[in-house]
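To find a chain, count down the sequence lines: A is the first, B the second, and so on, and within it residues start at 1. All of these numbers come straight from a predicted model, not from anything done at the bench.
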Amino acid sequence: MLDVKTLRGDLDGVAAQLRRRGYELDTKRYQALEEERRTLQVRTQELQNERKTRSKAIGQAKAAGEDIQPLLDEVSALSDRVSEAEEGLAAVQRELHEIHLGLPNLPHPDVPDGDDESDNVPLRHWGEPAAFDFTPRDHVALGALANGMDFEAAARIAASRFVVLRGPVARLHRALAGYMLDVHTREHGYEEVYVPYLVAPQTLEGTGQLPKFEEDLFAVSGDHPLYLIPTAEVPVTNLAGQQIIEAAALPLRMVAQTPCFRSEAGSYGKDTRGMIRQHQFEKVELVHISHPERSYEALEELTGHAERVLRDLGLAYRVVTLCTGDMGFAAAKTYDLEVWLPGQQAYREISSCSNTEAFQARRMQARWRNPETGRPEPVHTLNGSGLAVGRCLIAVLENYQEADGRVRLPEVLRPYFGGAEYLS
RNA sequence: GGAGAGGUGGCUGAGUGGUCGAAAGCGCCGCACUCGAAAUGCGGUGACCCUUUACGGGGUCCGGGGGUUCGAAUCCCUCCCUCUCCGCCA
């Protein structure tokens with residue numbers, strides 16, 4: 001949610017910034033609604049004040065043993081007028097609130113303009129795409145070779161866009177997640193958290209998935225309206241929701257490994273082969289709850305923490321700054337990490353690190369106490385994959401394959417395999 | 001799943017349908033006392049929103065929602081949550 005004070009004070013400025021990311025705000029309608037709201041609110045509060053004062057007087061008169069009937073007659077109609085005013089105000093406020101919930105975040109000034117991913121700006125590279133003296137297989141072929149990746153079984157017991165991993169491949173998957181958690185908790189100072197995978201609608205509203213993107217989610221049938229989380233960002237960031245955090249406690253850094261569930265509606269033709277785009281995948285997620293003035297330093301740090309994993313694994317990657325048109329709804333600035341996949345001869349997204357500034361914090365009322373003002377103010381929230389485990393599995397398989405189809409293990413993963421050099 | 005108890009400010013915990021955003025204690029902040037600290041005394045100390053250049057003024061909030069009433073923390077309905085006992089279970 002944007003700051004309503006900014007919206008009121010600089011509506012055209014806000015509209016211009018939203019236009020950068022392709023969002024057209026109807027400023028005339030907004031202005032009109034806002035004026036209506038102001039009038040109604042002032043009027044409503046006056047009426048409430050009158051009712052309060054008069055009711056108090058009745059109480060006093062009664063206590064004094066006076067006849068209160070004349071007073072009662074006098075206020076009899078007032079109550080209805082108050083309710084009427086309250087309802088009118090509530091309706092306008094609901095309408096404004098809906099608009100507010102639908103507005104995407106403002107892009108940071110540094111974010112390049114653009115329409116889609118082709119306008120993203122590469123920032124830096126690390127490592128060189130692996131050279132093979134044979135034609136590298138993709139992960140589907142490698143997985144089949146090891147009898148460790150079974151899409152048919154998954155389709156049989158669930159649906160397409162699921163996978164069953166077996167044996168060494170399943171173990172590699174677990175090792176990757178374990179390794180990431182170990183690095184982030186031991187060396188980067190994150191607190192490991194275990195969170196619900198089903199969350200309430202207001203939680204998804206807090207991070208921005210609802211109300212606009214319900215079609216991307218899986219809802220669960222039952223007595224409670226619950227959704228499967230599309231990312232651990234949702235439950236973990238919301239841990240700060242409805243809280244007032246003392247300044248000394250900032251920043252909070254949390255890491256969680258969770259499955260992520262996405263309906264992938266609207267991506268029917270895309271990445272149908274293999275594990276690239278699944279309805280369920282595992283991710284190790286990093287979340288920062290930051291002091292507002294330090295959130296951009298935090299974004300660099302967080303991105304660095306995700307990069308660290310790729311470097312440790314010896315995987316070539318690049319960092320790109322997303323353009324205004326490719327950024328997520330809640331983000332003010334996003335870096336994507338793209339790993340080299342020999343099977344596709346392309347860099348593919350493996351992590352996305354964003355600063356949402358106060359956008360999510362306002363929605364979920366995540367605040368800190370500013371010692372300078374003594375008042376609660378919104379924190380800044382950041383999140384990033386550190387990393388997407390499924391895609392990381394693909395990257396390791398494809399980058400570490402040898403001519404005979406065997407897969408060598410990156411040094412840092414060998415302790416998770418009893419020191420073995422090869423996956424088996 | 002069955003039976004019962006309860007959800008009040010940072011915490012503990014009072015609260016009669018009427019001047020209650022709410023006693024008291026603790027905690028925290030300021031001041032006084034002190035060389036300093038402790039103890040003590042005095043004062044202050046919730047969130048959200050509207051309005052105002054400012055000083056200030058006003059409204060809402062006692063788990064959520066709805067109702068009764070001139071007036072609801074207090075009465076009624078409903079949902080959620082917590083605790084205790086029983087059952088069941090990883």
Practice item. Side chain of A:Arg51 only, please: which of B:C50, B:A47, B:G71 is the nearest? Key: B:G71

Exercise for review: Among B:A47, B:U52, B:C70, find the nucleotide with the atom closest to the side chain of A:Leu72.
Suggested key: B:C70

Exercise for review: Please determine, for B:C62, whether a Watson-Crick or G-U wobble partner exists with both distances under 3.5 Å, and give it or none.
Suggested key: none

Check your understanding: A:Arg20 and A:Pro107: which non-hydrogen atoms are nearest, and at how many Å?
Key -> NH1-CG, 3.8 Å

Exercise for review: Please state whether the phosphate of B:G71, meaning OP1 or OP2, lies under 4.0 angstrom from any side-chain nitrogen or oxygen of A:Ser79.
Suggested key: yes

Review point. Would a line drawn from the ring center of A:Phe329 to the ring center of A:Phe359 be shorter than 6.0 Å?
Key: yes

Point to revise | From A:Ser352, A:Ser385, A:Ser351, residue fulfilling side chain to side chain donor-acceptor pair (under 3.5 Å) relative to A:Asp336 | key: A:Ser352

Check your understanding: Which nucleotide, B:U19, B:C70, B:C49, lies nearest any side-chain atom of A:Gln45?
Key -> B:C49

Revision key, fill the gap. For B:U68, the nucleotide meeting Watson-Crick or G-U wobble distances (both under 3.5 Å) is none

Check your understanding: Got a donor-acceptor contact below 3.5 angstrom from the A:Ser354 side chain to the A:Thr334 backbone?
Key -> no

Check your understanding: Taking the six-membered ring where the residue is Trp, are the ring centres of A:His173 and A:Phe281 under 6.0 Å apart?
Key -> no

Exercise for review: If B:C31 has a Watson-Crick or G-U wobble mate with both distances under 3.5 Å, name it; if not, just say none.
Suggested key: B:G41

Study note, to complete from the structure: For B:C89, the nucleotide meeting Watson-Crick or G-U wobble distances (both under 3.5 Å) is none

Check your understanding: What's the closest nucleotide to the A:Arg37 side chain, out of B:C80, B:G18, B:U51?
Key -> B:U51

Point to revise | A:Arg375 side-chain proximity, nearest of B:U52, B:A47, B:C70 | key: B:A47

Exercise for review: Just name whichever nucleotide pairs with B:U84, Watson-Crick or G-U, keeping both distances under 3.5 Å, else none.
Suggested key: B:A3

Review point. Of A:Glu377 and A:Lys56, whose nearest nucleotide on RNA chain B comes first from the 5' end?
Key: A:Lys56

Check your understanding: Which of these nucleotides, B:C48, B:U60, B:C50, is closest to any side-chain atom of A:Val42?
Key -> B:C50

Exercise for review: Please figure out whether A:Gln365 or A:Lys52 has its closest RNA chain B nucleotide nearer the 5' end.
Suggested key: A:Gln365

Practice item. Among the candidates B:C70, B:U19, B:U60, find the nucleotide nearest to the side-chain atoms of A:Gln60. Key: B:U19

Review point. Of the nucleotides B:U51, B:U60, B:C70, which has the atom closest to the A:Arg8 side chain?
Key: B:U51

**Study point:** Residue A:Pro376, side-chain heavy atoms: nucleotide from B:C50, B:A47, B:U60 that is nearest
**Key:** B:A47

Point to revise | Closest nucleotide among B:C80, B:G71, B:G59 to the A:Asn49 side chain | key: B:G59

